[in-house]
Amino acid sequence: MTNPVPGYAITTPYGRRGSYWSCDRDSSGNGIHTGADYAAPAGAKVVAARDGTVAHVSYGSAFGYHQVAVRRPDGTEDFYAHMRSRVPHGTTVAVGSKVGEVGAEGNVTGAHLHFERHKGPGWSCALCVDPAPSINYQPAGSGGSGAGGKDDDPVPEYTHVYDSDGWTLGSDDWAPISWPQVQSDSSGAASKGNPGLDLGGSRYSATLLVSIEHNQGAAQVTTRTIEGQLDSAGRWEVTKTRPPQTNNVPSSGALHLSDTRHGSCAKGNKVRWQIKGRKGARVTSARLYVLWWK
Ligand SMILES: [Zn+2]
């Protein structure tokens with residue numbers, strides 16, 4: 001069982017419903033997501049989830065211009081879309097061998113790999129099947145590296161994507177990330193988090209992607225989550241602080257960082273994401289993908 005984007009977690013699972021997907025539409029017009037998405041910075045390595053032979057394919061421009069199908073002797077194939085580069089047609093790949101790099105080509109709102117499993121060669125709604133259990137829906141424990149996981153990992157109950165507006169860090173200390181924009185699929189209620197998100201009572205997997213720019217010499221940018229609730233006086237009371245993740249920023253330019261967390265949150269609690277960097281650094285975008293299990 002191999003994760004096709006090592007170090008990154010699924011951000012939109014197979015089978016989620018939404019009006020922007022067209023396969024197997026229900027009576028409200030919501031189709032299913034035919035693959036599993038891994039949001040990751042452009043350039044992140046994509047590897048073969050199963051071995052086979054690389055075919056350069058074109059299953060529609062919505063999937064971008066560097067599409068790969070890894071074909072297997074049993075007639076099934078794994079399909080990799082939205083990449084910015086790919087290994088040559090005809091390459092034989094083993095599990096874990098590079099097939100390309102994450103990109104943002106085709107019909108996307110951000111860089112990610114769209115990964116599908118087909119029960120035969122080519123593309124149609126009827127050929128797409130759930131790629132579980134040969135990929136991880138939720139890496140086991142809190143390691144977050146994509147290791148572990150069980151074959152019977154259930155598909156998440158629902159998923160949401162939260163976006164921040166960009167802002168400039170006003171101090172060198174922890175700053176909250178707020179989420180004024182939310183995209184939801186058809187199931188589950190999504191709250192705007194300003195800045196706490198109501199994750200209480202469920203198991204979750206969350207991937208934070210941040211782009212940050214600065215021009216003040218090398219620095220570090222750190223992200224973490226804190227969990228808590230408002231007390232009777234309306235004050236934020238922290239019950240748990242999760243270990244921070246630190247990223248080094250080059251002496252100038254942009255850093256694109258990713259921080260994936262797996263956990264469960266006590267009922268009634270909220271989770272806040274925080275960032276610490278040098279005062280004056282500009283957060284150009286922050287996006288959070290959350291998957292919930294009941
Ligand atoms: Zn997708």
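For the single chain, residues carry numbers from 1 onward in sequence order. One-based numbering, in listed order, for ligands and for the atoms of each.
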S.K.: Are Y38 and H112 near enough that their ring centres are under 6.0 Å apart?
M.R.: no
S.K.: Give me each pair satisfying disulfide bond (SG atoms under 2.5 Å apart) with a member in residues 265-294, each pair once, sequence neighbours excluded.
M.R.: none
S.K.: Kindly give the atom name of the N, O or S atom of D37 closest to the Zn ion (ligand 1).
M.R.: OD1
S.K.: Enumerate the residue pairs fulfilling disulfide bond (SG atoms under 2.5 Å apart) with a member in residues 21-96, sequence neighbours excluded, ordered by first and then second residue.
M.R.: C23-C125
S.K.: Give the name of the N/O/S atom in H114 that lies closest to the Zn ion (ligand 1).
M.R.: ND1
S.K.: Strictly under 2.8 Å, is any N, O or S atom of H33 next to the Zn ion (ligand 1)?
M.R.: yes
S.K.: Rounded to the nearest 0.5 Å, what separates atom CD1 in I177 from atom CG in L197?
M.R.: 10.5 Å
